[in-house]
Amino acid sequence: MIPPLLFFLIFKYYPMLNAVLAFKDYNVIKGIWGSPWVGFKHFELFFKNPLFWTLLKNTLLLSGYLILAGFPIPIILALMINELRGKRFKKFVQMVTFAPYFISTVVMVSIVMLFLSPRLGFANVVLNYFGLESVNFLGDPGMFRSIYVWSDIWQTAGYSAVIYLAALAGIDPTLYEAAKVDGASRFQKIWHVDLPGIVPTIVIILILNVGNVMAIGFEKVYLLQNPLNQVNSEIIATYVYRIGLLNANYSFATAVGLFNSVINLILLLTVNGLAKRLTNNSIW
């Protein structure tokens with residue numbers, strides 16, 4: 001157990017001490033611990049910023065959309081794959097749905113941008129074929145969230161479904177035999193055997209997803225972002241990068257990051273408590 005414990009201590013817990021930077025005016029010469037204390041100055045600057053509520057709204061809406069649309073699809077996909085009888089076809093479906101997960105974010109965003117290109121993109125070629133005008137998908141702020149969410153679902157649904165397939169494999173076979181004896185249809189087996197059997201896994205994954213609401217991926221949002229869709233695509237993570245890191249305002253960036261982490265922790269504790277009360281399943 002020593003190597004993994006050392007990994008978490010050195011790379012996870014020790015860096016947390018540097019969160020003190022959020023309460024200081026960082027000076028490169030004096031270092032983190034030698035820089036002067038300023039209290040909640042950087043938090044106040046962030047909260048009083050005219051963009052604060054816009055950034056918070058964009059972050060929550062994008063994360064909420066991703067959870068609402070993306071959470072049930074891997075479950076449905078896993079149930080459908082589990083019902084396939086042909087082994088070869090089953091493996092083929094698993095491979096096709098799982099493969100996009102191994103595409104890097106940069107390559108995946110490039111594929112999306114080429115697919116949705118206003119001039120030569122496949123989507124607009126199809127629209128033009130039916131006599132419709134080309135659409136600048138990535139230039140429309142109203143379409144940004146849908147592009148982000150559904151491309152993410154396409155990329156990660158197969159990978160997420162593997163967890164549920166593993167949970168389905170652990171269901172007692174005698175339950176299926178009893179359901180068959182009782183004359184249950186395939187849908188009734190899914191509803192009364194499969195779903196109850198994977199409820200603990202569903203609850204744990206949901207808790208973890210909600211616990212990362214404020215920590216939505218920076219990389220993909222930043223790559224899909226442009227001046228035309230920035231009104232909806234600017235989230236807290238990209239704002240921190242622009243203001244905190246590009247302008248070398250490290251204390252401000254740390255303060256915003258700490259704010260994100262605290263909100264995530266509160267959400268995680270809240271959802272975990274609710275899940276424990278309602279379903280008797282929780283992380284701890």
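The structure displayed is predicted, hence computed values, not measured ones. Side chains are part of it too, since the values below use all heavy atoms of this structure and drop only hydrogens, waters and symmetry mates.
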Look at the side chain of [X] and the backbone N and O of [Y], then say whether any donor-acceptor pair between them is shorter than 3.5 Å.
X: Asp172; Y: Thr174; answer: yes
X: Thr59; Y: Ile235; answer: no
X: Arg145; Y: Met143; answer: no
X: Asn209; Y: Phe71; answer: no
X: Asn124; Y: Arg119; answer: no
X: Asp140; Y: Gly142; answer: yes
X: Ser35; Y: Asn27; answer: yes
X: Asn58; Y: Glu234; answer: yes
X: Gln94; Y: Ile81; answer: no

Between Leu45 and Asn49, is the side chain to side chain contact (heavy atoms under 4.5 Å, CB included) condition met? List the steps. CA-CA 6 Å; Leu45 287 174; Asn49 191 312; over 6 Å; no

How about [X]: does its [atom1] atom have over 12 heavy atoms from other parts shown lying under 6.0 Å from it?
X: Trp37; atom1: CH2; value: yes
X: Tyr176; atom1: OH; value: yes
X: Lys90; atom1: NZ; value: yes
X: Tyr26; atom1: OH; value: yes
X: Lys220; atom1: NZ; value: yes
X: Phe122; atom1: CZ; value: no
X: Phe52; atom1: CZ; value: yes

Measure the [atom1]-[atom2] distance between [X] and [Y] for me, rounded to the nearest 0.5 Å.
X: Asn226; Y: Leu228; atom1: CG; atom2: CG; value: 5.0 Å
X: Ile10; Y: Leu5; atom1: CD1; atom2: CG; value: 10.5 Å
X: Leu77; Y: Leu165; atom1: CG; atom2: CG; value: 7.5 Å
X: Leu79; Y: Leu195; atom1: CG; atom2: CG; value: 5.5 Å
X: Leu224; Y: Glu219; atom1: CG; atom2: CD; value: 10.5 Å
X: Thr156; Y: Leu66; atom1: OG1; atom2: CG; value: 7.0 Å

With a 3.5 Å cut-off and sequence neighbours excluded, list the donor-acceptor pairs that the side chains of residues 110-118 form with protein atoms.
from, atom 1, to, atom 2, distance (Å)
Ser110, OG, Val106, O, 2.9

Pairwise side-chain contact, [X] with [Y], heavy-atom cut-off 4.5 Å (strictly under):
X: Met108; Y: Pro100; result: no
X: Leu268; Y: Asn264; result: no
X: Tyr13; Y: Met16; result: yes
X: Ile103; Y: Trp154; result: yes
X: Asn18; Y: Trp33; result: yes

With a 4.5 Å cut-off on side-chain heavy-atom distances among I, L, V, M, F, W and Y, is there a chain of contacts connecting [X] to [Y]?
X: Ile263; Y: Leu51; answer: yes
X: Val221; Y: Val107; answer: yes
X: Leu258; Y: Leu267; answer: yes
X: Val162; Y: Phe102; answer: yes
X: Phe187; Y: Val199; answer: no

Identify, with sequence neighbours excluded, every residue that meets salt bridge (charged side-chain N to carboxylate O under 4.0 Å, His left out) alongside Lys41. Asp25

Tell me, please, which residues at least two apart from Lys189 pass salt bridge (charged side-chain N to carboxylate O under 4.0 Å, His left out). none

Is the ring pair Tyr222/Phe218 parallel, tilted or perpendicular, if the boundaries are 30 and 60 degrees? parallel

Candidate pair Tyr250 and Ile32, rule side chain to side chain contact (heavy atoms under 4.5 Å, CB included), full reasoning: CA-CA 10 Å; Tyr250 302 116; Ile32 294 175; over 6 Å; no

Establish, yes or no, whether a centroid distance under 6.0 Å links the rings of Phe23 and Phe43. yes

Verify whether the ring centers belonging to Tyr148 and Tyr65 lie closer than 6.0 Å. no

Which heavy-atom pair separates [X] from [Y] by the least distance, and what is that distance?
X: His42; Y: Ser251; value: NE2-CB, 3.3 Å
X: Ala161; Y: Pro74; value: CB-O, 3.6 Å
X: His192; Y: Pro196; value: O-CG, 3.4 Å
X: Glu83; Y: Arg186; value: O-NH2, 2.6 Å

Before you tell me yes or no, could you show the steps for Val231 and Phe144 under side chain to side chain contact (heavy atoms under 4.5 Å, CB included), namely the whole-Å CA-CA distance, both residues' side-chain angles and the distance that decides it to 0.1 Å? CA-CA 10 Å; Val231 64; Phe144 175 82; over 6 Å; no

How about Asp194 and Tyr164: does a side-chain donor come under 3.5 Å of a side-chain acceptor? no

What pairs with [X] under side-chain hydrogen bond (donor to acceptor under 3.5 Å, both in side chains), at least two apart in sequence or on another chain?
X: Asn229; answer: Ser233
X: Ser104; answer: none
X: Ser63; answer: none

Take Val240 and Asn260 through the side chain to side chain contact (heavy atoms under 4.5 Å, CB included) test and state the conclusion after the steps. CA-CA 11 Å; Val240 169; Asn260 260 4; over 6 Å; no

